[in-house]
Amino acid sequence: QVQLVESGGGLVQAGGSLRLSCAASGRAFSNYAMGWFRQAPGKEREFVAAFSWNGDSTYYADSVKGRFTISRDNAKNTVYLQMNSLKPEDTAVYYCAARDIPITTSMASRYAYWGQGTQVTVSS
């Protein structure tokens with residue numbers, strides 16, 4: 001069974017940085033795609049970033065491009081989301097997701113596995 005556990009959320013001032021982690025377990029992830037999504041109160045879950053574990057390509061939402069970076073540690077089966085120049089509108093619960101097809105997508109419905117989420121709050 002795939003398990004995804006996020007950590008690293010918190011409260012930060014606008015302009016600050018946070019690094020989220022997603023520890024993945026239960027499978028060999030070499031043929032998986034991994035993504036980060038976020039959901040603010042009263043809003044739909046939205047795509048943030050994704051990559052394919054067996055490739056080097058990454059994919060970002062326009063709203064975070066240039067500020068957020070998705071990366072991985074193969075030895076630790078951990079995915080990271082480095083978030084810089086944070087804005088109040090980045091405030092949301094951030095979720096890690098996985099799909100057992102090594103093709104990235106921004107569609108949340110295409111990801112079968114989800115973590116419990118971690119809260120990120122950016123104050124102005």
Identify the two heavy atoms, one from [X] and one from [Y], that lie closest to each other, and give their separation to 0.1 Å.
X    : Y   : result
A24  : M34 : CB-CE, 4.5 Å
K43  : Q39 : O-NE2, 3.1 Å
F51  : S71 : CE2-O, 4.3 Å
S124 : A14 : CA-CB, 4.3 Å
V120 : M83 : CG2-CE, 3.8 Å
E6   : C96 : OE2-N, 2.7 Å

Practice problem: Enter the distance from I103:CD1 to S52:OG here, rounded to the nearest 0.5 Å. | Solution: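 Result: 8.0 Å between the selected atoms.
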Quiz item: What's the spacing between C22 SG and R72 CZ if we round to 0.5 Å?
Solution: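 The SG atom of C22 sits 13.5 Å away from the CZ atom of R72.
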Exercise. Tell me whether W36 is reachable from Y111 by hopping between hydrophobic residues (I, L, V, M, F, W, Y) whose side-chain heavy atoms are closer than 4.5 Å.
Key: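 No, Y111 does not connect to W36 through the hydrophobic network.
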Quiz prompt | Step-by-step side-chain contact (heavy atoms from CB on, under 4.5 Å) determination, T69 to Y60 | solution = CA-CA 8 Å; T69 302; Y60 296 95; 3.7 Å; yes
Quiz item: Can D90 and K87 be counted as an ion pair, charged N to O under 4.0 angstrom?
Solution: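 Salt bridge flag = no for K87 with D90.
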Exercise. Determine, stepwise, if the pair L86 / L18 fulfils side-chain contact (heavy atoms from CB on, under 4.5 Å).
Key: CA-CA 8 Å; L86 283 161; L18 281 175; 4.2 Å; yes
Quiz item: For Y113, what residues pass the ring-ring contact (aromatic ring centres under 6.0 Å, His included) criterion, not counting sequence neighbours?
Solution: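 Residues passing ring-ring contact (aromatic ring centres under 6.0 Å, His included) with Y113: none at all.
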Quiz item: Tell me the side-chain hydrogen bond (donor to acceptor under 3.5 Å, both in side chains) pairs involving residues 91-104, sequence neighbours left out?
Solution: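 Residue pairs passing side-chain hydrogen bond (donor to acceptor under 3.5 Å, both in side chains), neighbours aside: R38-Y94.
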Practice problem: Check whether the ring centres of Y59 and F47 lie less than 6.0 Å apart, and answer yes or no. | Solution: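 Between F47 and Y59, which both carry aromatic rings, the centre distance is below 6.0 Å.
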Quiz item: Ring centroid separation for W114 and F37, is it under 6.0 angstrom?
Solution: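 Under 6.0 Å, so yes.
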Practice problem: Please lay out, stage by stage, how Y80 and L20 fare under the test side-chain contact (heavy atoms from CB on, under 4.5 Å). | Solution: CA-CA 5 Å; Y80 301 101; L20 306 183; over 6 Å; no
Quiz prompt | Any L81 side-chain heavy atom under 4.5 Å of F68 side chain | solution =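 Result yes, sub-4.5 Å side-chain heavy-atom pair found.
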Quiz prompt | Contact check, side chains of F29 and V2, non-hydrogen atoms, under 4.5 Å | solution =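 Yes; the side chains approach each other to less than 4.5 Å.
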Exercise. Could you please spell out the steps behind the side chain to side chain donor-acceptor pair (under 3.5 Å) verdict for S17 and N84?
Key: CA-CA 4 Å; S17 299; N84 298 328; 2.9 Å; yes
Quiz item: Between the side chain of T118 and the main-chain N/O of G9, is any donor-acceptor distance below 3.5 Å?
Solution: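 Such a contact is found between T118 side chain and G9 backbone.
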Self-check item: Sequence-distant partners of S85, side chain to side chain contact (heavy atoms under 4.5 Å, CB included), two or more places apart
Solution: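 Here the qualifying residues are R67.
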